[in-house]
Peer 1: 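Mind looking over this structure? Questions follow.
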Amino acid sequence: MVAVGFDVKVGRLESIVEQIGEAVLATTETIERLGDRVENLSGQIEEQGKQIKQQGYQILALCDAVQTLAETQDDSLQKLSQLTQTLDRLMTMIQGSPE
């Protein structure tokens, strides 16, 4: 009877050890999958960082272009103002001359 009780205990211990082994394997697989996911996310974040950096350069270039356009428009407005003044003087001269 003692031998039967011992065999039952050994059987239970074997079952517990087997369950622990299966749990360790399942945990290891889960950790590996999580590691793969973290690596994948890291790659995506790195790519997004590159895209954001590129967008930053594009924004700077756009700001420079807008500034150049504003300066060009200001110059054009000054020239247009000078032309308008010249035309006004010319019209004054034409209207003031005897026909």
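All residue numbers refer to positions in the sequence shown, counting from 1.
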Peer 1: Side-chain contact, heavy-atom cut-off 4.5 Å: Gln44 with Leu41?
Peer 2: yes
Peer 1: So, does Thr28 use its side chain to make a donor-acceptor pair with the main chain of Val24 at under 3.5 Å?
Peer 2: yes
Peer 1: Supply the atom-to-atom distance Gln58 CD to Gln51 CD, rounded to the nearest 0.5 angstrom.
Peer 2: 10.5 Å
Peer 1: For a side chain to side chain contact (heavy atoms under 4.5 Å, CB included) check, start with the C-alpha distance between Leu83 and Leu87, then their side-chain angles and the critical distance, and finish with the verdict.
Peer 2: CA-CA 6 Å; Leu83 179 60; Leu87 287 173; 4.2 Å; yes
Peer 1: What residues, two or more places apart in sequence or in another chain, satisfy side-chain contact (heavy atoms from CB on, under 4.5 Å) together with Lys50?
Peer 2: Glu46, Glu47
Peer 1: How many angstroms lie between atom CE of Met91 and atom OG1 of Thr86, to the nearest 0.5 angstrom?
Peer 2: 13.5 Å
Peer 1: Rounded to the nearest 0.5 Å, what separation is found between the CD1 atom of Ile20 and the OG1 atom of Thr27?
Peer 2: 11.5 Å
Peer 1: Could you go through residues 61-70 and list every donor-acceptor pair under 3.5 Å that involves a side-chain atom there, pairing it with any protein atom two or more places apart or in another chain?
Peer 2:
| unit_1 | atom_1 | unit_2 | atom_2 | d |
| --- | --- | --- | --- | --- |
| Gln67 | NE2 | Glu71 | OE2 | 3.4 |
| Thr68 | OG1 | Asp64 | O | 2.9 |

Peer 1: Looking at CG of Leu80 and CG of Asp75, how far apart are the two atoms once the value is rounded to the nearest 0.5 Å?
Peer 2: 12.5 Å
Peer 1: Step through the shown structure and confirm whether more than 12 heavy atoms of other residues, nucleotides or ligands are within 6.0 Å of CD on Gln78.
Peer 2: yes
Peer 1: Within this structure, what is the CD1-CZ distance for the pair Ile94 and Arg89, rounded to the nearest 0.5 Å?
Peer 2: 13.0 Å
